[in-house]
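Below is one structure, written out as structure tokens; the observations come after it.
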Amino acid sequence: MSLYLTIKTLHILSSVLLVGTGFGTAFYLFFANRTGSIPAIAAVSKLVVRADLWFTTPAVVFQPLSGLWLAHAAGWQWTTPWVSLSIALYLLAGVCWLPVVWLQYEMSRMAATACAAGQIALPARYWRFARWWERLGYPAFLAMVAVYFLMVLKPAL
């Protein structure tokens, strides 16, 4: 297999890992939050933080490096509209994701503390963070879906 096809394969796999892990962990924490069970929320939020560290973060770094390399190797200018729009949407997703990482960590810490203390409710701060976590997740996810669309179809804009 050529270097181009190897990088392209890794790029596709890492994009699936990035979006799949993001969607999957968001799904589980979203529904764990709705149970109100502090032990469940503590366990799930700990795993969400871990998944972001182990899977999402490496993919976040690899995606632009491999994507820009692939565009260059295929002869696409970075100023081509679909490439530029993909970069802008990826940056939008990143601007949303960075605070989400911090929010997830803080939410996990609060849930673990509440669980260890045997508390019957999470602090109001947890729920404020959960609302922001969710609000930031929607545009990030939609931006990444749009990036998939642009990468696959390469529309003439």
ask   = Roughly how far apart are Lys46 NZ and Ile41 CD1, rounded to 0.5 Å?
value = 16.0 Å
ask   = If you group Ile, Leu, Val, Met, Phe, Trp and Tyr by side-chain heavy-atom gaps below 4.5 Å, do Trp127 and Phe31 land in one group?
value = yes
ask   = Tyr90 side chain to Ala143 main-chain N or O, any donor-acceptor pair under 3.5 Å?
value = no
task = Return the set of residues passing ring-ring contact (aromatic ring centres under 6.0 Å, His included) with Phe23 (not counting sequence neighbours), or none when no residue passes.
result = Phe141
ask   = Which heavy-atom pair separates Leu150 from Pro155 by the least distance, and what is that distance?
value = CD2-CG, 3.7 Å
inquiry  = Under 4.5 Å between side-chain heavy atoms, counting indirect links through other Ile/Leu/Val/Met/Phe/Trp/Tyr residues: same cluster for Val100 and Leu122 or not?
reply    = yes
key: Check: Ser108 side chain, Gln104 main-chain N or O, donor-acceptor pair, under 3.5 Å   = no
task = Quick one: closest heavy-atom pair of Ala111 and Ile38, and the distance?
result = O-CG2, 3.7 Å
ask   = Any chain of hydrophobic side-chain contacts (each under 4.5 Å) joining Leu3 to Leu68?
value = no
ask   = When you look at CH2 of Trp132, are more than 12 heavy atoms from neighbouring residues, nucleotides or ligands closer to it than 6.0 Å?
value = no
task = Determine the interplanar angle of the Trp82 and Trp76 rings, folded into 0 to 90°, and report it as parallel if under 30°, tilted if 30 to 60°, perpendicular if over 60°.
result = perpendicular
Reported CH2-to-CG distance for the pair Trp97 and Leu18, which is rounded to 0.5 angstrom = 8.0 Å
Cationic N near anionic O, under 4.0 Å, Glu134 to Arg128 = no
query = Is there a path from Leu53 to Leu29 through hydrophobic residues (I, L, V, M, F, W, Y) whose side chains come within less than 4.5 Å of each other?
reply = no
key: Nearest-0.5 Å distance, CZ of residue Phe55 to CG of residue Leu17   = 6.5 Å
ask   = Just how far is it from atom CE of Met1 to atom NZ of Lys8, taken to the nearest 0.5 Å?
value = 11.5 Å
inquiry  = Could you check whether Tyr105 and Asp52, counting side-chain N and O atoms only, form a donor-acceptor pair closer than 3.5 Å?
reply    = no
request  = For residues Thr35 and Ala32, report the shortest heavy-atom separation together with the two atoms involved.
outcome  = OG1-O, 2.6 Å
ask   = Would you say Trp102 and Phe129 make side-chain contact, with heavy atoms under 4.5 Å?
value = yes
message = Has Ser84 got a side-chain atom pairing as donor or acceptor with Pro81's backbone, closer than 3.5 angstrom?
response = no
request  = Check step by step if side-chain contact (heavy atoms from CB on, under 4.5 Å) holds for Leu89 and Phe149.
outcome  = CA-CA 11 Å; Leu89 288 166; Phe149 170 80; over 6 Å; no
task = Verify the cluster assignment for Tyr138 and Phe27: are they in a single hydrophobic cluster under the rule of side-chain heavy atoms below 4.5 Å apart?
result = yes
request  = Only pairs at least two apart or in different chains count here, so list each salt bridge (Lys or Arg N to Asp or Glu O under 4.0 Å) that has a residue in residues 110-127.
outcome  = Glu106-Arg125
ask   = Is a side-chain N or O of Ser45 found less than 3.5 angstrom from the main chain of Ala42, in a donor-acceptor match?
value = yes
request  = State, with a plain yes or no, whether a side-chain heavy atom of Val48 is found less than 4.5 Å away from one of Tyr28.
outcome  = no
Steps toward side-chain contact (heavy atoms from CB on, under 4.5 Å) verdict (Val16, Thr21) = CA-CA 8 Å; Val16 170; Thr21 301; over 6 Å; no
task = Might you confirm whether atom CD1 of Ile120 has over 12 heavy atoms from other residues, nucleotides or ligands at distances under 6.0 Å?
result = no
query = If you draw a 6.0 Å radius around CZ in Phe62, do more than 12 non-hydrogen atoms from other residues or ligands fall strictly inside?
reply = yes
message = For the NZ atom on Lys154, are there more than 12 heavy atoms of other groups (residues, nucleotides or ligands in this structure) within a distance under 6.0 Å?
response = yes
ask   = From Leu92 CG over to Ile87 CD1, what is the distance, rounded to the nearest 0.5 angstrom?
value = 14.0 Å
Closest contact, heavy atoms only, Val147 versus Ser86 = CG2-O, 3.7 Å
message = Rounded at 0.5 Å granularity, tell me how far CG in Leu65 sits from CG in Leu10.
response = 12.5 Å
key: Main-chain N/O of Leu5 paired with Ser2 side-chain donor or acceptor, under 3.5 Å   = yes
query = Do Met107 and Asn33 come within less than 4.5 Å of each other through their side chains, counting heavy atoms only?
reply = yes
query = Looking only at heavy atoms, which two atoms of Phe30 and Trp133 are closest? And how far apart?
reply = N-CH2, 3.8 Å
ask   = Which word best sums up how the rings of Trp78 and His72 line up, parallel for under 30°, tilted for 30 to 60°, or perpendicular for over 60°?
value = perpendicular
